[in-house]
Amino acid sequence: MNRTNGKIAEQSKEKISKALLSIMEQYDFQEITITQISQEARLSRKTFYRLFSTKTDVLNYYFESLYRECLILIKSRQVQHYWDVVQCYFDFCEEHKSLLLLLKQHNLLTLLFEGSYKYSFHIFEYVRSKEVMDAFALPLPYLLAYSVGGMYSMLLKWVESGMDIPSSMLITELKKGFMSPNI
């Protein structure tokens, strides 16, 4: 594969995703056209369709980069426990508050959830190990679905409230709730 073309394609994908997010600040996602995105990115429609099929594909591409970035953050913090993963995830989300509020405005937060589940396997393997992952092969998809679903529901509540509570306080209160014998 020609490295220049690969690099140019990646740069074009980034331009397109940034263009879409910029346009979403002014227009409803459903009303945005491929022509608008292409013009904002200063690329042709042909280039758009060579790289993506739909606007949703553009968002999924952007989310993939966020998932990888979050995984890098988890690794850089050398996370080893569930609650540390949760804290890291919500710290990461807090850093992307404007994006999350924009996605909420366009009713697109569910797209973020779908990819989070897929990446939960990578995170589990990093925090535990491939051996533990293999040992729990049967229940793991259900355990991760339960965990990611709970974190997603919590994220929705947090975004709906404007994300005004700092992530550190949010997780501290959540831990207290789970540890309380009264709840």
Side-chain angles (χ1 to χ4, degrees), residues 17-18 20-22 24-26 28-30 55-183:
S17 63
K18 287 178 183 176
L20 175 58
L21 292 173
S22 176
M24 284 172 59
E25 291 177 9
Q26 298 176 344
D28 184 69
F29 180 78
Q30 300 304 325
K55 298 178 288 189
T56 303
D57 291 342
V58 176
L59 285 177
N60 286 329
Y61 166 81
Y62 185 74
F63 294 160
E64 282 286 324
S65 68
L66 290 177
Y67 303 135
R68 287 190 303 271
E69 191 180 324
C70 188
L71 183 58
I72 289 167
L73 179 64
I74 288 169
K75 288 180 177 181
S76 73
R77 290 187 182 179
Q78 299 178 337
V79 168
Q80 296 297 312
H81 302 286
Y82 174 78
W83 285 110
D84 296 332
V85 171
V86 174
Q87 183 66 63
C88 193
Y89 173 77
F90 280 93
D91 289 348
F92 184 81
C93 288
E94 189 170 40
E95 291 174 18
H96 295 86
K97 178 179 178 176
S98 59
L99 172 66
L100 293 171
L101 293 173
L102 183 64
L103 294 173
K104 177 191 173 285
Q105 175 186 334
H106 292 275
N107 297 313
L108 295 169
L109 282 170
T110 54
L111 293 176
L112 195 60
F113 169 71
E114 293 165 9
S116 296
Y117 173 72
K118 183 177 112 182
Y119 265 84
S120 68
F121 289 88
H122 298 290
I123 293 168
F124 185 89
E125 182 177 359
Y126 168 75
V127 172
R128 292 294 174 235
S129 70
K130 177 76 169 128
E131 292 77 26
V132 173
M133 195 170 168
D134 291 342
F136 287 90
L138 185 62
L140 189 60
Y142 300 100
L143 294 167
L144 291 176
Y146 177 81
S147 182
V148 171
M151 288 171 58
Y152 173 70
S153 293
M154 195 170 126
L155 178 65
L156 286 179
K157 279 288 174 212
W158 193 35
V159 171
E160 286 171 6
S161 70
M163 299 176 73
D164 294 332
I165 301 167
S167 62
S168 57
M169 184 187 296
L170 184 68
I171 302 310
T172 298
E173 292 302 315
L174 183 66
K175 281 183 193 178
K176 280 186 204 175
F178 274 107
M179 304 300 181
S180 172
N182 301 323
I183 293 182

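These numbers come from a predicted model, not from an experiment.
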### Sidechain-backbone polar pair: H106 side chain, M24 backbone, donor-acceptor under 3.5 Å
yes
### Query
Does the S147 side chain pair with the main chain of L144, one donor and one acceptor, at a distance under 3.5 Å?
no
### Summary
So CZ of R128 and NE2 of H81: to nearest 0.5 Å the spacing works out to 7.0 Å
### Query
Does the K55 side chain pair with the main chain of F29, one donor and one acceptor, at a distance under 3.5 Å?
yes
### Task
Please answer whether the main-chain N or O of K18 pairs with a side-chain N or O of S22 as donor and acceptor at a distance below 3.5 Å.
no
### Query
Looking only at heavy atoms, which two atoms of K118 and E64 are closest? And how far apart?
NZ-OE2, 3.1 Å
### Query
Within a strict 4.5 Å, meaning less than it, do heavy atoms of the L100 and K97 side chains meet?
no
### Query
For L112, does its backbone N or O pair with a side-chain atom of Y67 as donor and acceptor, under 3.5 Å?
yes
### Query
Are V85 and F124 close enough that some pair of their side-chain heavy atoms sits under 4.5 Å apart?
no
### Query
Looking at S17 and Y62, what are the two nearest heavy atoms and their distance?
OG-CD1, 3.9 Å
### Message
For G150, is there any backbone N or O sitting under 3.5 Å from a side-chain donor or acceptor partner on S153?
### Response
no
### Query
So, H96 versus F92, ring centres under 6.0 angstrom or not?
yes
### Task
Find the distance between CG (L103) and CG (L99) and round it off to the nearest 0.5 Å.
4.5 Å
#### Entry: Any donor-acceptor N/O pair, S180 side chain to G177 backbone, under 3.5 Å
no
### Query
Within the side chain of Y117, is there an N or O that forms a donor-acceptor pair under 3.5 Å with the backbone of P141?
yes
